[in-house]
Amino acid sequence: LNFVYMFLAISGRRTCNVNEKEDQGLGEGCRFIRFASQFAQVYLLHRICGDMTEHSEHVKHLQTSDLDRRGNSGVATGISAFCRRVARRPLRHHWVSIYLADHILLVLAGVGYIAHQIALVVLKARSQHAASCLLEQQTAFTVLQAIVNSYMAVLVIGFVWNMLEHGVLPREGRGIQFVTMTVLFLVLWFSEFMMVLLDRYVYTTGWNIASTPVQRVLASLAQIFVTHSSIMIGAILLGHPAHFTRSPDMSWRMLFCRILPVLGLAILLWLCISRWREWHI
C-alpha cells in the first residue's frame with residue numbers, strides 16, 4: 001500500500017501547480033507516509049542485523065587463510081589500516097572480496113546521497129514555489145527529513161557492506177524470516193527511488209536556474225545510490241554472502257595511473273557540458 005500510494009501521489013503531479021494539487025486532493029499525506037516507511041525500514045534492519053544473522057566461520061577462514069599469496073598491500077588494505085589506526089582498533093589482515101568495486105561505488109554514491117540531502121535543504125529554502133507544491137515550506141520539517149534520509153543511507157551502507165564483505169548469513173532456522181524481512185525492506189526502499197526522482201524533477205532539472213551543476217550531480221549520485229544498493233540487497237537475497245571469492249587488492253599504480261586520470265577527464269567533460277548549458281539558457 002505504501003508503494004502504491006506514493007506512486008499515485010508522485011505520478012499525479014504533472015505540473016508544479018498548487019491550485020491543481022488542491023483540486024486533486026492526492027498526496028497531502030505523502031511526507032507522513034514517507035516517515036512511516038523509513039521508521040519501518042529502520043526497524044526491519046535492526047531486527048535483521050540483531051537476532052537473525054551471524055558471521056560464517058567458513059567465510060572467515062577464507063578471508064584470513066593463505067595471506068602469503070595475497071601479494072602487496074593496495075588501496076583497500078591501506079585505507080582500512082588507516083581507518084583502524086584512527087579508530088584505535090587492532091589491524092586486521094584479510095583478503096578483499098570481488099565486491100570491492102561495488103563497495104567503492106556504494107560508499108561514494110552514499111556520500112553523494114547524504115550531500116544531496118544537505119543541498120536539498122538549501123534548494124527548498126530558495127525555491128519556495130516548488131517547496132509549496134510539495135508541501136515542504138517548513139524549514140524544520142525539511143531539516144528533519146534530511147537527517148532521517150542521511151541516517152537511512154548510513155544504515156543501508158553498513159548493512160550491505162557487512163553482509164557481503166564479512167560473510168554474514170541467516171541463523172539456522174531463521175532463513176524464512178530473514179528472506180521475508182529483507183524482501184519487505186527492499187519493497188519499502190523502492191519508494192525512496194521514487195522520492196529521489198520527484199526531487200530531481202522539481203528541484204534539480206537540467207534547465208532549473210535555481211539549481212547548480214554540483215547539486216544536479218549530487219542528485220544523480222543519490223539516484224545511483226538507491227538503485228545500486230537495491231541491486232546489492234538483491235545479491236544478498238540470492239545468497240552471495242555465503243560464496244566469498246578472493247580478489248587481489250587494487251594497486252596504487254592502478255589508482256594514480258588509470259582510475260584518477262579517467263575520473264579527471266570525466267570531471268572536465270562535465271564542466272564543459274555545464275558551461276555549455278549555462279551559455280544556452
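Quick note: numbers below take in every heavy atom, side chains included, and nothing from hydrogens, waters or symmetry partners.
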Parallel, tilted or perpendicular, as decided by the 30° and 60° cut-offs, for the rings of [Y] and [X]:
| X | Y | answer |
| --- | --- | --- |
| Phe35 | Phe39 | parallel |
| Trp252 | Phe256 | parallel |
| Trp189 | Tyr113 | tilted |

Find the distance between [atom1] ([X]) and [atom2] ([Y]) and round it off to the nearest 0.5 Å.
| X | Y | atom1 | atom2 | result |
| --- | --- | --- | --- | --- |
| Leu260 | Leu265 | CG | CG | 11.0 Å |
| Phe185 | Leu45 | CZ | CG | 4.0 Å |
| Arg171 | Asp51 | CZ | CG | 7.0 Å |
| Ile98 | Thr245 | CD1 | OG1 | 4.0 Å |
| Phe159 | Ile48 | CZ | CD1 | 5.0 Å |
| Thr182 | Met52 | OG1 | CE | 8.5 Å |

Would you say the side-chain atoms of [X] pair up with the backbone N or O of [Y], donor to acceptor, closer than 3.5 Å?
| X | Y | answer |
| --- | --- | --- |
| His240 | Leu164 | no |
| Ser247 | Val96 | no |
| Ser191 | Val187 | no |
| Thr227 | Gln223 | yes |

Next item on the list: Using the side chain to side chain contact (heavy atoms under 4.5 Å, CB included) rule, take Val196 and Glu192 through it: C-alpha gap first, then chi angles, then the decisive distance, then the call.
Entry: CA-CA 6 Å; Val196 170; Glu192 183 62 24; 4.1 Å; yes
Next item on the list: Could you walk me through whether Ile236 and Phe178 pass the side chain to side chain contact (heavy atoms under 4.5 Å, CB included) test, one step at a time?
Entry: CA-CA 11 Å; Ile236 294 173; Phe178 170 80; 3.9 Å; yes
Find out whether [X] and [Y] are in side-chain contact, i.e. whether some heavy atom of one side chain is under 4.5 Å from a heavy atom of the other.
| X | Y | answer |
| --- | --- | --- |
| Ser65 | Arg246 | yes |
| Ile104 | Val75 | no |
| Trp161 | Val107 | yes |
| Leu120 | Asn149 | no |
| Tyr151 | Ile147 | no |
| Val148 | Leu144 | yes |

For [X] and [Y], which heavy atoms make the closest approach, and how far apart are they?
| X | Y | value |
| --- | --- | --- |
| Asp66 | Trp95 | O-CZ2, 3.2 Å |
| Ala76 | Leu100 | CB-CD1, 3.8 Å |
| Ile224 | Ala109 | CG2-CB, 4.2 Å |
| Gln145 | Gln38 | NE2-OE1, 3.2 Å |
| His116 | Leu218 | CB-O, 3.6 Å |
| Leu106 | Ser229 | CD1-CB, 3.8 Å |

Are there over 12 heavy-atom neighbours, none belonging to [X], within less than 6.0 Å of that residue's [atom1]?
| X | atom1 | value |
| --- | --- | --- |
| Arg258 | CZ | no |
| His55 | NE2 | yes |
| Ile176 | CD1 | no |

Next item on the list: Run through Glu165, His166, His243 and flag the one making a side-chain contact (heavy atoms from CB on, under 4.5 Å) with Ser97.
Entry: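 Exactly one option meets the side-chain contact (heavy atoms from CB on, under 4.5 Å) with Ser97, and it is Glu165.
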Next item on the list: Could you walk me through whether Ile259 and Met250 pass the side chain to side chain contact (heavy atoms under 4.5 Å, CB included) test, one step at a time?
Entry: CA-CA 10 Å; Ile259 297 178; Met250 182 190 305; 3.4 Å; yes
Notebook entry, point to check: What about Ile231 and Leu188, same hydrophobic cluster or not, with Ile/Leu/Val/Met/Phe/Trp/Tyr joined at side-chain heavy-atom distances under 4.5 Å?
Noted result: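 Cluster IDs for Ile231 and Leu188 differ.
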Next item on the list: Carefully, step by step, assess Leu221 and Val111 under the rule side chain to side chain contact (heavy atoms under 4.5 Å, CB included).
Entry: CA-CA 8 Å; Leu221 287 175; Val111 172; over 6 Å; no
